[in-house]
Structures are given as C-alpha cells and as structure tokens.
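Notes to accompany the following structure.
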Amino acid sequence: MSGIGWRVHGDGRRVTSGAVVAPEERLSWPRTIGIGMQHVVAMFGATILVPAITGFPASTTLFFSAIGTFTFLLVTGNRLPSYLGSSFAFIAPVGAAMASGGMSTALGGILVAGVTLAVIGLVVHLAGARWIDVVMPPIVTGTIVALIGINLAPAAWGSVQGAPLTAIITIVAIAVVTVFFRGILGRLAILVGVAIGYVAAVLQSQVDFAPVREAAWIGLPDFATPTFDASVLGLFLPVVFVLIAENVGHVKSVAAMTGKNYDELVGRALLADGLATTFAGAGGGSGTTTYAENIGVMAATKVYSTAAYWVAAATALVLSLSPKFGALVATVPAGVLGGAGTVLYGMICILGARIWVQNRVSFSDPVNLTVAGVGLIIAAADFQFVTDSGLEFKGIAIGTAAVLVLYHGMRAISSWRGTHYEAATPASVPGGIELEGEAGAPAAAATEPAAATEPAAATEPVADGDDERSAEGAPTA
C-alpha cells in the first residue's frame, strides 16, 4: 500500500484494456486529482440546482455535500466509491415546508428523514437487507419514484410561466447536448443546458448581478438550525423509501461494474447517507443521496478508486467557502430553473417506469396494476389530508402510504384466496398470444400473469441517457 491507504494500480499512469482501478487502488496523484475534478463537474449541476430551486444557500449545500461524502467514505471503510449530492426527492416536501414554516421547518424535516434512514441502515447492517426486498419490491419502488416526479410537475410549470422563452431554450439545449456530444460533455447535458439557458437569460436582462458583486470571495457558508413542526414531518418520510432504493441500487451497480460483491456494505451505505442527511438538516444543507452521475464517470474511466472521491469532496469543500460563488448560483432565474426542472422531474418519473421495465413487472397482474394506478393518480392530483391535530399529508406522502398498504394488503388477500387472474380493466387488451390455440377458446385462460411475485431487483448498471445508473436509482438526481 502507498499514500494514505491505496495501492498504486499498475504503473500508475494507465488502465490496461479489460482492467479496472479498484476502490482500494489509485493511479498517480496527478491523474487521481484530475479524475476527482471530473467527479466534481459531474455532480455539480444537480447538486447546485436543488438549492437553486428550493431557495437554500448553494454554498451551504455544497459544504454539507462535501462533509457527507467524507462521512460516506469513512463509514463504508473507504471501500465503496460514491459522491453524495443533493437529492431531488426532497424538493417537494422542502417546498411545502418552506411555504408553511420557512427554511428552519424544512431543515427539521430533512433531519428527521436523515435520522430515520440512519436507523434503517443500522438495522440492515445488523439484520441483513433481505427485508428491504420484501417490503419494497420493484412495483413499489418504481411507483414511489415515479409519483415523486409527477407530483413535482406543477412546480416546473410555475417556474416556466415566469420566462417561457428562457425555459424553452434551456429544455432544447439540454436535449441537443444530450445527443450531440460524446464523452463527458454529453454526460453533463443538464449543467451545459442550464449554462446556455443562463446566457439566454442574461441577454434578456433577467439576471441581477448586484448580489454577486457585493459578496465576498472567501467566507463561511450561511448555516441555519432546524425547528420541528409535526404538521409537515409526514411529508418527508416517503423520501426515505427513495433514498433506500437509490443507495441499494448504487451498491449493486458498483458491484456489477467492479465484479465484487458489496452486499455487506448496503447497511453501511444507508447509515452513511442517513448521517450525511442528518448533518445537512442540522446545519442548513439539502438532503443527500448517492449520485448516479458519478457512476457514469466511473464507467467511462474504469477508475473506481475512492481516492478520487476524497479529491472531489475536498474540491467541493473549497468551493463552498466562497460566498461569491453561492451568490452567483442564487442568480439563476426562474425560466432556467423551470426548463431544467421540466427535464429533471420528467426523468424522475420515467426512472420509476424504468425500474418496472428492468425488473419485468407484469401489469397483467391486477395487484401491480392497481397499486401503480392509484399511487400515480394520488400524486398527480396532489391529494391532501389534514388531521384534527394539524398534521398535514400531501400527494407524495399519501401516495407512498397507499402504494405500500395496497400492495401488501392485496398481495396477502390474493395469496389467501388464490385470485391471480387479470381483472377486467381498460388495460385488458389482447396482445396476440390470447388468440392462439383453438378457435373459440376463452381468452381469459391466457391472461394469468407469468409470475405472481416480483423478480429480484436488477443488479447491472444501465444507461440513462449517457449516464450509467442503477436499476433503482433516481436523478437525483
């Protein structure tokens, strides 16, 4: 071993064909620093976009993103490469909490979500991760991820209305960059698209640079403390399910790409992300999650060294100590945010559908059909429920609860009664197989789903645009 805990891979200068740089290895320090900088660029757009949308200080979010990554690397024993950036799953509950009680109330919700995830991580580490697959099969995980994206749609429209031309330019720029450029630039379509939209906004005099000129070059981030309002805490608990899915998917993706089994680190990963989110909630940052954008960088470079992530976290920490940088991020206008949000929220929704597809979820099964349909409609309509004590639940929380209760309740009754045939619904359209065989044979006999249970979650990394993401990830993006 050399350096501070990594052995040098080969000659330290190149990665031979078919080889990968393992988490416990590194290239020469100049090359490792360069790759670490790539990870900063990869996570940068999504990490700063979340505070830009929610109104949180960008520098503070970046600070706790760095602290969270350090924490993750330490808790996982420096064995699991990952960068912890801002989670998009927090946007909806943070927006609702900000509207009712301000930033401190939102921070209280983030902290509670972090503590909950940390406790779950500790339980998984001690008892194993099998119960996660039982409680959250692909139909449940996919629906929860999808309903979060759908529920955010009105927020995107609200921002687009402020500057529709700028929003359209941003959307078109993201789309074109995604398919026009190869390599790292294509992977950074969101960041590049936001930059192009920002330039368009500047040309239309939509940006005020006065706060940037007044901000200092060097200084500590703006820290804040949380307060707790029971009426909004319920909005944050569904996010925990998304964070679980993202972390488990991340571990499986890294395992698939490196050829190693990291199942024993699932509990540590959940615990680490829980602690990182708790720290953020305690000090004024956005909730964190493992970033699929950085998986894309690892897949492209074949370098999975955790040393690169220490470099990335250190770089983010330095950037967070510039108030001028935070002020610049805060100038991103509504039109740009609306355009980027339209793309990102849509991606979140489709990521949920991708989980269904990759795990071959059968929608000829009436349980799956009902669970997904009810959950998505609740989120789209943003159902609301307020208890007599003032505890408030909205579309994401109610949708998540409905998905869990419906799935496990219907599956239990279905198993008890032996009712596995497809229900007569608008989705009961013949696909062709039902018509094979003897003429006049009842089509109902062919409508029984191939399997009543959900297959195990996919473990291979898959492409999301140009990024490689796990089967259960989300943009976090």
Looking at side-chain heavy atoms only, is the closest gap between S87 and V242 below 4.5 Å?
no
Closest heavy-atom pair, A66 versus L317, reported as atoms and distance to 0.1 Å, is CB-N, 3.7 Å
How close do A308 and I35 get, counting heavy atoms only, and between which atoms?
CB-CG2, 4.0 Å
So OG1 of T32 and CD of E25: to nearest 0.5 Å the spacing works out to 11.0 Å
Taking the side chain as C-beta and beyond, is there a heavy-atom pair between T288 and F64 under 4.5 Å?
no
Would you say CD1 of I377 has more than 12 non-hydrogen atoms from neighbouring residues, nucleotides or ligands within 6.0 angstrom?
no
Rounded to the nearest 0.5 Å, what's the gap from CG on L235 to CD1 on I398? Could you check?
9.0 Å
Take Y407 and N368, measure what side-chain contact (heavy atoms from CB on, under 4.5 Å) needs, and give me the verdict at the end.
CA-CA 7 Å; Y407 176 80; N368 294 340; 4.1 Å; yes
Any side-chain heavy-atom pair of V254 and R79 under 4.5 Å
no
Are a donor atom and an acceptor atom from the side chains of T290 and S82 found within less than 3.5 Å of each other?
no
Donor-acceptor side-chain pairing of T47 and S86 below 3.5 angstrom
no
Does a side-chain heavy-atom distance below 4.5 Å link I91 with Y345?
yes
Measure the shortest side-chain to side-chain distance between F72 and N247 over non-hydrogen atoms and say whether it is less than 4.5 angstrom.
yes
Go through the steps for V140 and F241 under the test side-chain contact (heavy atoms from CB on, under 4.5 Å), then give the verdict.
CA-CA 10 Å; V140 171; F241 292 99; over 6 Å; no
Side-chain touch L147/N151, heavy atoms, less than 4.5 angstrom:
no
Let's go through L73 and W310 carefully: what are the C-alpha distance in whole Å and the side-chain angles of both, what is the deciding distance for side-chain contact (heavy atoms from CB on, under 4.5 Å) to 0.1 Å, and is it a yes or a no?
CA-CA 8 Å; L73 294 171; W310 284 95; 3.5 Å; yes
Between CD1 of I67 and CG of L275, what distance do you get to the nearest 0.5 Å?
13.0 Å
Just say parallel, tilted or perpendicular for the rings of F236 and F90, cut-offs at 30° and 60°.
tilted
So OG1 of T166 and CD1 of I171: to nearest 0.5 Å the spacing works out to 11.0 Å
Approximate separation, where rounding is to 0.5 Å, of I378 CD1 and T143 OG1
11.0 Å
Below 4.5 Å, heavy atoms only, C-beta onward: do L107 and M98 meet side chain to side chain?
no
When V266 is tested against each of V124, T76, L80 for side-chain contact (heavy atoms from CB on, under 4.5 Å), which residue passes?
V124
With a 4.5 Å cut-off on side-chain heavy atoms, are L117 and I244 touching?
yes
Which atom names give the shortest non-hydrogen contact between T277 and G287, and what distance separates them?
CG2-CA, 3.9 Å
Separation between CD1 (I48) and OG (S65), nearest 0.5 Å, reads 11.5 Å
